[in-house]
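Remarks on the structure that follows.
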Amino acid sequence: MTTFAPPAGPVTGALPLPVRRRPGFSLEGPFYTSAEIFAEDIDRVFSSQWIFAGTEAEIPRTGDYLTVTFGHQSVIVIRDGDDVRAMHNVCRHRGTRLLDETCGTVGNIVCGYHKWTYRTNGELMFAPAQPPNFDKTCFALRSVHVRSLDGLIFICLAADPPADIDTVAGLVSPYLAPHGLKNAKVAARSEIVEHGNWKLVMENNRECYHCDNHPELICTFFPTYGYEPDEIPPNLLPAYDRFLAAENDLHAKCDAAGLPYEAIEELDGRDVGFRIQRESLDGAGESFSADGSAVCRRSLGGFTDKRLGRLSMHVQPNFWSHVLSDHAVVFSVLPLTVSTTVVRTTWLVDAEAEEGIDYDLDELTTVWNHTNEQDGEIVARAQLGVSSPAYEPGPYAPSEYQVEKFCSWYIDAMNAGEPRPEPAGRSTGESG
Ligand code: FES
Ligand SMILES: [Fe+2]
């Protein structure tokens, strides 16, 4: 039994519950239902680790922005010339939330309350009716660390962010860079609210044990995903033979083109837990569609060969993506409340691709729209179950090893993260 809250060690704040984790088993119920643990998740995990925020393709011009909201935190990610900047979505006057939309474009950032106005770099440029000695330079928006990994934007609210983002950026760049995500364009976005704790959303994504629930996805997604070769169930052996043949073909092509494909899997044991691998797709092997053929005529990255499988990447705690020869689909998971979670999906295509000519929006989005909807139903049922007093943690199957890795990473992050600040009036430190 692993103790979640050791009495000594890196955890310095008072944790709300004496909850534990048994390796190889799902988490105990309070991890999914306790408002106190949810608050710790926001502070120790989402406010301490690197979080996926969106893509550069979503904010191509100065003033284009995204808002990234989780729990009580909200961050603006905005294009400012060649830079991507991130800043707290909190006015420096009296704290009002500045931007409400999930994305949009502004000339400057104007607070709706008293019209304090900020440049796209966060500087305060205008504050009406202040005294002559008012120093605007003291009231820039509070900045947040931001880092683009070949067009994938990550933010970190910690004062001292985990430094291994540099190592991970170097490891994944040879995989991502050839696809030119920075220069892609947004073809579609969706945002759904799933009725489950954010960890159920992530755990569900980390295994394909449940993929029979996804008839559209498994047209092209090999059902042997996550199994070790000697663990393939007999009913999946024909699919495994098909997978091996497709893998051989893909590896030969990638070797010739200089594209990396080997898995790098460091999902726990480091701050920026991640996994990246290029794997073959079933059917025509080109894209997510009923027969595996491409759903956009223009390739993403200028490839002439469409049969490049899926470059799949996961980053703890809230990101997964698939980059194909013709489009990319990226996901971010943002905790809203203890039992509701936003899942954002963004489909990217080549910047020159035109809707109605190069791609049909329904064809492009149908697989993951269906898959998201199916996963949302699964997560809602899971939340209902783990909320029952009858729930007790159950054992993971071998093919759920990435769920185990997610939980292991999560527990480490909870122990290492910044504790919640003491509520005002209860501080044991000095006060004025
Ligand atoms: S709270 Fe923003 S201008 Fe007053
Ligand atoms: Fe799923």
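Order of listing sets the numbers, starting from 1, for every ligand and every atom in it. All residue numbers refer to positions in the sequence shown, counting from 1.
- A cation-pi arrangement is absent between Arg344 and Phe52 under the rule of less than 6.0 angstrom and at most 45 degrees off the ring axis.
- The distance from ligand 1 to the heavy atoms of Trp116 drops below 4.0 Å at these ligand atoms: 3 (S).
- Coordination check, His210 versus the Fe ion (ligand 2): passed, since an N/O/S atom of the residue sits under 2.8 Å.
- Inspection of the Asp41 and Trp198 side chains reveals an N or O donor paired with an N or O acceptor under 3.5 Å.
- Close contacts of ligand 1 with Tyr113, meaning ligand atoms under 4.0 Å from a residue heavy atom, involve 1 (S), 4 (Fe).
- No donor-acceptor contact under 3.5 angstrom links the side chains of His195 and Thr340, judged on distance only.
- None of the N, O or S atoms belonging to His114 lies under 2.8 Å away from atom 2 (Fe) of ligand 1.
- A salt bridge links Glu123 to Arg119: at least one charged side-chain nitrogen sits closer than 4.0 Å to a carboxylate oxygen.
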Test side chain to side chain donor-acceptor pair (under 3.5 Å) on Gln316 and Arg206 and set out the steps. CA-CA 11 Å; Gln316 315 286 32; Arg206 295 293 121 110; 3.2 Å; yes
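- Under the side-chain hydrogen bond (donor to acceptor under 3.5 Å, both in side chains) rule, Tyr113 has a single partner from His93, Arg97, Arg94, which is Arg94.
- Each of the following atoms of ligand 1 lies closer than 4.0 Å to a heavy atom of Cys111: 1 (S), 2 (Fe), 3 (S).
- Of all the atoms in ligand 1, the ones that sit under 4.0 Å from a non-hydrogen atom of Cys91 are 1 (S), 2 (Fe), 3 (S).
- Under the 4.5 Å side-chain criterion, counting only non-hydrogen atoms from C-beta, Val338 is in contact with Asn197.
- With respect to atom 4 (Fe) of ligand 1, His93 has ND1 as its nearest N, O or S atom.
- At the Fe ion (ligand 2), the angle from NE2 in His214 to OD1 in Asp375 is 90° when rounded to 10°.
- Close contacts between ligand 1 and Arg94 involve ligand atoms 1 (S) [criterion: under 4.0 Å to a heavy atom].
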